[in-house]
Engineer: 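Sharing a structure with you now.
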Number of protein chains: 2
Amino acid sequence: MAAPPLFDRIRSEARSTAERKVASVLLEGYPTRALTTVEVLAKQASVSAPTVLRFLTKIGFSRFADFQAAAIADVERQLGSPLNNIRSEAPAETPHHIYQRTLLMQAEALQLAAAQAMPAEFDAIVDLLVSPRATIKLLGGRYSQNLAQRLATQLGQLRPSVVFTPLTLGFAYDTLVDAGPQDVFVIFDYRRYQSELLTFARGVRQSGARLCLFTDTWRSPIAEHADAVLTSPDASTSPFGSRVVVTAQIEAIVAAISLRCRDSSRDRLARIEELRNLGATEPSKES
Amino acid sequence: MAAPPLFDRIRSEARSTAERKVASVLLEGYPTRALTTVEVLAKQASVSAPTVLRFLTKIGFSRFADFQAAAIADVERQLGSPLNNIRSEAPAETPHHIYQRTLLMQAEALQLAAAQAMPAEFDAIVDLLVSPRATIKLLGGRYSQNLAQRLATQLGQLRPSVVFTPLTLGFAYDTLVDAGPQDVFVIFDYRRYQSELLTFARGVRQSGARLCLFTDTWRSPIAEHADAVLTSPDASTSPFGSRVVVTAQIEAIVAAISLRCRDSSRDRLARIEELRNLGATEPSKES
DNA sequence: CCATTCCTGTATTCTTTATTACATATTGAC
DNA sequence: GTCAATATGTAATAAAGAATACAGGAATGG
């Protein structure tokens, strides 16, 4: 682990006695000691505040806030992925085939999500999705429509009034026109966020309908308008964001719902199966 | 995996919607995200500053500075002990909310899949999917069409000649008519297996085209006719089979492909982006 | 449906903290 | 030893940020 560039800069730039005091204080407790105020640092180094400021200017930070931001960045780097914070693992054997590496990486992502999970938020979504008189309308962005569709399909098996709204060219505001307080919208929005979706979300908000949002940890701007938000890490080995955690979230939602309304959903499932078989007994023709 | 006490306190005390927003922002980036100002936190959570303050009061910090100090203490604790004290605690607590249980269950499924993985099989599929003169045709059953579509979308970004074949009513054998040795089919088939897909697969076989299959560990009968098969466990907390592992497999495939043809795929991606922006500059109208 | 309670945001005030201006000390060269 | 140049501290000022008071709005229970 090479020393951070900032660390070296602090060390090499200290010239005069007071500056060296400042530098050594900084280095001793690097980087966490930088997380205080100028005056505290000054006191720790037994110098005056301006001296600290001047030194930092010298190493390239005209404003103290900039220096502190850099220090925080280093803290984050040292802590590594948030995963290490919550669940510190054995040294780990990473030398693997990309296939296995991907699977294991996603396994970790799931564990991280589980550790950070906030059941209350999750339950809030479930509450919205089980309300019997509501109509559930789902949509997503270019690459997350899939997810909306998947949830729609499964949800549609468990309860009535579920609509998947494809996000087609030109965009269909038809769904929005009829929207009212009785509706619950579910939006999937991941980077790069699509402005159309934000516009849509604002409309939802105005109509008085409820809004659930699935997004990445960077948080779509739609979050501001949502009643409940479920975020997921999306780090990936591929050039596209991972949808593994979201997929699991969707399944968890479905599981919770089918548990919540055990009877009604079981009946419904049975009935669907029945209807399907009914069709199968007829000679099925192609074309 | 004992999380710091502060971490748990944040999680458990969040009651109302706004507070939950605050809490999830805090948890996502714990503990470093606490190293900013109240207003930044408020903005990130899409709530007002006083709401943040009130929440922190609730979890026992009457002054923001106190909370921040506690967060910094946690940072130092984590940086201080290289091989963390966190993990040394309880080995496994399974009694959890269904949300967390689902995520953790899927994490295990992924680890299992990684352990059982056979890279050779994986590579075989990648080989088939990168061959430049081939046309890739993807399809899936009632509930796995999604997966086919997802793979198709991503694959289509990396290489030309990718077609998603929706499995519509009556079934379209159009795709099959033109099939020949130059084609590579990708089929997703999970329980309950659909007989139409099996019929289709036989047709593929006869045409001399290659066939990749994604299925569950129970192995679709199509496996018999496939050139390469990737199976996945599908245990789930919901009444439907889980698609988490498959999703990860798909992403691994995409990752491997984009790695294999680094240059061409990057160029292609850039070009797609370019074209998309081209469209964005025009005034886009709805309807 | 109404009243009450709790939640949440806006605007203001007050505190803390960074920054600057200036005076004083220190160092180094001649 | 004196001058110049640089380094440092003190004190005043400006900026940023935390805390508070209040008002509007949503949820809850009758």
Side-chain angles (χ1 to χ4, degrees), chain A residues 13-26 33-72 120-121 123-125 127-128 131 133-134 180-184 202 204-212 223-229, chain B residues 13-26 33-72:
Chain A
E13 286 300 318
R15 309 283 298 144
S16 69
T17 44
E19 280 178 352
R20 276 195 330 252
K21 286 187 202 168
V22 176
S24 42
V25 164
L26 248 23
R33 196 166 268 179
L35 305 179
T36 34
T37 69
V38 173
E39 270 149 57
V40 170
L41 283 173
K43 189 169 241 172
Q44 288 176 333
S46 313
V47 299
S48 71
T51 299
V52 174
L53 267 312
R54 279 187 289 254
F55 175 65
L56 295 181
T57 307
K58 205 169 178 179
I59 63 175
F61 299 96
S62 59
R63 304 189 325 117
F64 178 71
D66 296 343
F67 167 72
Q68 204 166 50
I72 289 175
E121 196 80 20
D123 291 333
I125 294 183
D127 285 342
L128 287 172
S131 54
R133 37 193 14 148
Q182 76 285 0
D183 290 323
V184 175
R202 288 213 189 90
V204 169
R205 189 56 168 185
Q206 283 189 341
S207 76
R210 304 315 191 82
L211 176 55
C212 306
E224 189 182 346
H225 307 104
D227 294 288
V229 183
Chain B
E13 285 301 317
R15 308 282 299 144
S16 67
T17 43
E19 282 178 352
R20 269 174 4 233
K21 287 187 198 171
V22 176
S24 36
V25 164
L26 248 22
R33 197 169 261 177
L35 305 180
T36 33
T37 69
V38 172
E39 268 148 62
V40 169
L41 283 174
K43 189 166 239 172
Q44 288 176 335
S46 313
V47 299
S48 70
T51 299
V52 174
L53 268 310
R54 279 188 288 254
F55 176 65
L56 295 181
T57 306
K58 204 168 179 180
I59 63 174
F61 299 95
S62 59
R63 307 190 323 117
F64 177 73
D66 295 343
F67 167 72
Q68 204 165 50
I72 290 175

Engineer: Between B/Gln68 (CD) and D/dA19 (P), how many Å, whole number?
Structural biologist: 10 Å
Engineer: Could you check how far CD of A/Glu39 sits from C1' of D/dG17, rounded to whole Å?
Structural biologist: 15 Å
Engineer: Can you measure from NZ (B/Lys43) to OG (B/Ser48) and round to the nearest 0.5 angstrom?
Structural biologist: 13.0 Å
Engineer: Under a 4.5 Å cut-off applied to non-hydrogen side-chain atoms, are B/Val22 and B/Leu41 in contact?
Structural biologist: no
Engineer: From CG of B/Leu41 over to P of D/dG17, roughly how many Å is that when rounded to an integer?
Structural biologist: 12 Å
Engineer: Nearest nucleotide by nearest heavy atom, which residue falls closer to the 5' end of DNA chain D, B/Leu53 or A/Ser48?
Structural biologist: A/Ser48
Engineer: Kindly state which residues belonging to residues 13-20 of chain B come within less than 4.0 angstrom of DNA chain D, counting heavy atoms of the residue only, listed by number.
Structural biologist: none
Engineer: Output the rounded distance in Å from CG (A/Asp66) to C1' (C/dT19).
Structural biologist: 13 Å
Engineer: Ignoring the backbone of A/Ala49, work out which of C/dT19, C/dT8, D/dA18 is nearest its side chain.
Structural biologist: C/dT19
Engineer: Dump every N/O contact between nucleotides 21-29 of chain D and the protein below 3.5 Å, one line per pair.
Structural biologist:
none

Engineer: Can any side-chain N or O of A/Asp227 pair as donor or acceptor with the backbone N or O of A/Leu211 at less than 3.5 Å?
Structural biologist: yes
Engineer: Could you state the atom-to-atom distance from CZ of A/Phe64 to P of C/dT17 in whole Å?
Structural biologist: 11 Å
Engineer: Nearest 0.5 Å, what's the CZ-CG distance between A/Arg33 and A/Leu26?
Structural biologist: 9.0 Å
Engineer: Shorter than 3.5 Å, N or O on both sides, protein versus nucleotides 12-16 of chain C: list them out with atom names.
Structural biologist:
none

Engineer: Round to the nearest Å and state the distance from B/Lys58 atom NZ to C/dC6 atom P.
Structural biologist: 12 Å
Engineer: Applying ring pair (Phe, Tyr, Trp, His ring centres under 6.0 Å), name anything that partners B/Phe55, two or more places apart in sequence or on another chain.
Structural biologist: none
Engineer: Could you measure the distance from the OG1 atom of A/Thr37 to the CD atom of A/Gln68? Nearest 0.5 Å is fine.
Structural biologist: 8.5 Å
Engineer: Write down the distance between CZ (A/Phe67) and C1' (C/dT17), rounded to a whole number of angstrom.
Structural biologist: 16 Å
Engineer: What pairs of residues pass the salt bridge (charged side-chain N to carboxylate O under 4.0 Å, His left out) test when at least one of them lies in residues 51-66 of chain B, not counting sequence neighbours?
Structural biologist: B/Glu19-B/Lys58, B/Arg63-B/Asp66
Engineer: Which value, rounded to the nearest 0.5 Å, describes the distance between B/Gln44 atom CD and B/Ser24 atom OG?
Structural biologist: 11.0 Å
Engineer: Of all residues at least two apart in sequence or in a different chain, which pass the side chain to side chain contact (heavy atoms under 4.5 Å, CB included) check with A/Gln182?
Structural biologist: none
Engineer: Quick one, A/His225 and A/Val204 - any side-chain contact, counting heavy atoms below 4.5 Å?
Structural biologist: no
Engineer: When you compare the side chain of A/Val52 with that of A/Phe67, does any pair of heavy atoms fall below 4.5 Å?
Structural biologist: no
Engineer: Taking atom P of D/dA16 as reference, at what distance in whole Å does atom NZ of B/Lys43 sit?
Structural biologist: 14 Å
